[in-house]
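FYI, side chains are in, hydrogens and waters are out, and symmetry mates aren't considered; it's all heavy atoms of this structure. Worth saying up front: this structure is predicted, and the values here are computed from it rather than measured. By convention here, the first residue in the shown sequence is residue 1.
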Amino acid sequence: MVENFRKLAAGRIDYFITSYYLGQAYLASQENGHEIIALAPAISKQNIHFGFSRNSACASLVDYVSHRLEELDRKGVPERLLKKHLRRFNEQSHGLFKR
């Protein structure tokens with residue numbers, strides 16, 4: 001993946017496909033002046049589902065959890081958390097993507 005980003009920045013390729021979040025983490029770790037952006041639409045988008053066993057002590061919370069997750073999504077909380085933790089990852093990675 002790192003080599004593909006280098007090729008992209010050098011103009012040797014026009015695009016490549018990678019994991020969105022891994023790509024975002026890599027871009028957040030770079031301080032170069034190249035503008036590299038993720039294109040839309042994504043080639044794959046998966047929904048995340050939570051499940052509770054019928055025997056779980058939490059089974060009665062299914063409706064509450066569903067409504068709360070929808071509320072948090074409407075408020076943009078997942079996106080803010082993603083950005084926050086991408087920055088945190090970048091600060092703690094100490095050259096993880098360096099070669």
Side-chain angles (χ1 to χ4, degrees):
M1 178 198 65
V2 173
E3 188 60 34
N4 281 332
F5 272 107
R6 289 186 181 134
K7 289 177 186 176
L8 191 62
R12 292 177 48 211
I13 59 174
D14 294 322
Y15 69 92
F16 71 96
I17 297 170
T18 190
S19 163
Y20 179 78
Y21 296 116
L22 186 58
Q24 291 297 317
Y26 173 80
L27 291 174
S29 73
Q30 302 304 296
E31 296 180 9
N32 60 28
H34 301 289
E35 184 175 329
I36 298 174
I37 58 171
L39 298 178
I43 61 169
S44 176
K45 187 174 181 179
Q46 304 294 319
N47 290 324
I48 297 173
H49 300 276
F50 294 91
F52 295 92
S53 165
R54 287 187 183 107
N55 297 326
S56 170
C58 299
S60 63
L61 299 174
V62 169
D63 288 337
Y64 171 78
V65 170
S66 293
H67 293 301
R68 186 70 175 120
L69 288 171
E70 288 171 2
E71 177 186 347
L72 292 170
D73 196 39
R74 279 193 305 275
K75 292 180 178 180
V77 172
E79 188 67 27
R80 285 195 306 275
L81 287 172
L82 176 63
K83 288 178 182 177
K84 173 185 171 183
H85 291 289
L86 279 173
R87 282 191 305 272
R88 187 170 157 228
F89 172 81
N90 183 40
E91 292 165 1
Q92 294 177 354
S93 67
H94 303 292
L96 179 66
F97 292 114
K98 304 281 189 244
R99 195 174 200 222

Quick check on the hydrophobic clustering: are L69 and F52 connected, directly or via other members, by side-chain heavy-atom contacts under 4.5 Å?
yes
Quick one: do L39 and I36 end up in the same hydrophobic cluster if we chain Ile, Leu, Val, Met, Phe, Trp and Tyr together by side-chain heavy atoms under 4.5 Å apart?
no
Heavy-atom closest contact (S53 atom, A59 atom, distance)
O-CB, 3.6 Å
CD of E35 to CG of L27: how many Å apart, nearest 0.5 Å?
10.5 Å
Under the salt bridge (charged side-chain N to carboxylate O under 4.0 Å, His left out) rule, collect the residues that match up with R87, sequence neighbours excluded.
none
Which of Y15, F16, Y21 passes side-chain contact (heavy atoms from CB on, under 4.5 Å) with T18? Answer is F16
Under a single-linkage definition using a 4.5 Å side-chain heavy-atom cutoff for Ile, Leu, Val, Met, Phe, Trp and Tyr, are I48 and V62 assigned to the same hydrophobic cluster?
yes
According to salt bridge (Lys or Arg N to Asp or Glu O under 4.0 Å), does anything in residues 55-73 pair up with another residue at least two apart or in another chain? List the pairs.
R68-E71, E71-K75
One should read off an interatomic distance between I17 CD1 and M1 CE, to the nearest 0.5 angstrom, of 14.5 Å
Correct closest heavy-atom pair for A38 and Y20 would be CB-CE1, 3.6 Å
Establish whether L8 and Y26 are linked, either directly or via other cluster members, by ILVMFWY side-chain heavy-atom contacts under 4.5 Å.
yes
Go through the steps for K84 and R80 under the test side-chain contact (heavy atoms from CB on, under 4.5 Å), then give the verdict.
CA-CA 6 Å; K84 173 185 171 183; R80 285 195 306 275; over 6 Å; no
d(I13 CD1, R6 CZ) to nearest 0.5 Å is 12.5 Å
